[in-house]
Amino acid sequence: MDLGLNDRRALVTGGSRGIGREIARTLVAEGARVAVVARGEEGLRAVEAELGVVGIAADLTTEDGCAKALAGAERALGGVDVLVNNLGGRAGTTWQDTGVPELETAMKVNLYAAVRMSRLALPGMVARGWGRIVVVSSIYGRETGGAPSYNAAKAAEISFAASLAREVAAKGVLVNSVAPGSILFEGGSWDRRQKADPEAIAAFVEHDLPLTRFGRPEEVAAVVAFLCSERASLVTGASWTVDGGQSRSNL
């Protein structure tokens, strides 16, 4: 299937590793011109060399960092047609170690970065009458689970995407979120947990993952690429679960 992404200009945040890296790889394979944003220079240089993308070093937890990222992508690509808000993270583990500071940190990394980047990219998309924004949330934005601050921030991301979608649909911009389940990749949180306690993680996989395996970054990337494409022309304001049946929500 031709996704109609050839020569589209895409910006992927958190794009130097894991899910973000695979999203960039998939978009490149579909013919898009891609820029990725991350804080670490080493990771950016590696992904530039591997995928032929443009790497932009910026801290997206700040307004200046977001402005730098968007300006860098527009300078390198000539504009941004597709924005994938993939940056994420958590602070705190349970309510025993989570208060307002941890919630604020989680919101900065997840929701606020996505809001700032989307607001910066929207004027160009609206002016051209075409755009795609995808927010990478989590199944724990759709139901209870995970660290409290992460849960709250990911739920807020889904709400943001759905709300923004209604405002900009008539202007040619489609906005959706994706809710991955447990995804395994080298250096990621599940990789660290598996190495620290393989027996516990094996039990988790057997009990909680109906496919009896973790998801892979490229499986999330394939859904994101579809939502970025011409083929998703009637899809906006939706939250797409990509979890192999892991979540338990009816919605």
Do the side chain of [X] and the main chain of [Y] share a donor and acceptor less than 3.5 angstrom apart?
X	Y	result
Asp191	Leu184	no
Arg17	Gly43	no
Ser159	Ala156	no
Ser247	Ser249	no
Lys154	Val136	yes

With a cut-off of 6.0 Å (strictly less than), are more than 12 heavy atoms of other residues, nucleotides or ligands near [atom1] of [X]?
X	atom1	result
Arg166	CZ	no
Arg193	CZ	yes
Arg213	CZ	yes
Arg248	CZ	no

Find out if a path of hydrophobic residues (ILVMFWY) with successive side-chain heavy-atom gaps under 4.5 Å connects [X] to [Y].
X	Y	value
Leu120	Ile133	yes
Leu174	Leu3	no
Val175	Leu83	yes
Val82	Trp240	yes
Leu27	Val242	yes

Gap between atom [atom2] of [Y] and atom [atom1] of [X] - 0.5 Å precision:
X	Y	atom1	atom2	answer
Leu209	Gln246	CG	CD	5.0 Å
Leu122	Leu164	CG	CG	5.5 Å
Asp208	Asp243	CG	CG	11.5 Å
Ser149	Asp97	OG	CG	8.5 Å
Ser16	Arg21	OG	CZ	7.0 Å
Ser229	Asp2	OG	CG	9.0 Å

Leu87 vs Val109, side chain to side chain contact (heavy atoms under 4.5 Å, CB included): CA-CA, chis, key distance, verdict: CA-CA 7 Å; Leu87 184 66; Val109 175; 4.1 Å; yes

Would you indicate whether the side-chain heavy atoms of [Y] and [X] approach each other to under 4.5 Å?
X	Y	answer
Val220	Ile183	yes
Glu143	Asn151	no
Val80	Glu74	yes
Asp197	Glu199	yes
Glu30	Asn6	no
Val135	Val178	no
Ile56	Leu44	no
Val173	Trp130	no

Worked verdict on Phe160 versus Tyr112 for side chain to side chain contact (heavy atoms under 4.5 Å, CB included): CA-CA 10 Å; Phe160 160 64; Tyr112 298 168; over 6 Å; no

What's the shortest heavy-atom distance between [X] and [Y], and which atoms?
X	Y	value
Ala152	Leu103	CB-CD2, 4.2 Å
Ala113	Leu60	CB-O, 3.5 Å
Met117	Ala69	CE-CB, 4.1 Å
Arg45	Gly55	NH2-O, 3.6 Å
Arg116	Cys66	CB-SG, 3.7 Å
Ser177	Ala161	CB-CB, 4.1 Å

Check against side chain to side chain donor-acceptor pair (under 3.5 Å), Thr212 and Glu206: CA-CA 5 Å; Thr212 64; Glu206 182 67 27; 5.7 Å; no

Those residues that, when tested against Arg216, pass side chain to side chain donor-acceptor pair (under 3.5 Å) (two or more places apart):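 Arg216 satisfies side chain to side chain donor-acceptor pair (under 3.5 Å) with Glu218, Glu219 only.
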
Check: Trp190 ring centre within less than 6.0 Å of Phe185 ring centre: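 Ring-ring flag for Trp190/Phe185: false, centres at least 6.0 Å apart.
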
Side chain to side chain contact (heavy atoms under 4.5 Å, CB included) between Val54 and Val34, worked out: CA-CA 6 Å; Val54 175; Val34 179; over 6 Å; no

Note: [X]-[Y] ion pair, threshold 4.0 Å (strictly below):
X	Y	value
Arg33	Asp7	yes
Asp64	Lys68	no
Arg25	Glu50	yes
Glu230	Arg8	yes

Indicate whether the side chain of [X] and that of [Y] have a donor and an acceptor atom separated by less than 3.5 Å.
X	Y	result
Asp59	Thr61	yes
Thr236	Asn176	no
Ser239	Arg142	yes

Residue of the set Ile19, Val12, Thr13 for which side-chain contact (heavy atoms from CB on, under 4.5 Å) holds with Val84: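 The single option meeting the side-chain contact (heavy atoms from CB on, under 4.5 Å) with Val84 is Val12.
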
Worked verdict on Lys195 versus Glu186 for salt bridge (charged side-chain N to carboxylate O under 4.0 Å, His left out): CA-CA 11 Å; Lys195 289 173 179 174; Glu186 186 176 355; 5.4 Å; no

Intermediate values then yes/no, side chain to side chain contact (heavy atoms under 4.5 Å, CB included), Arg192 and Ser189: CA-CA 5 Å; Arg192 294 193 298 272; Ser189 61; 3.6 Å; yes

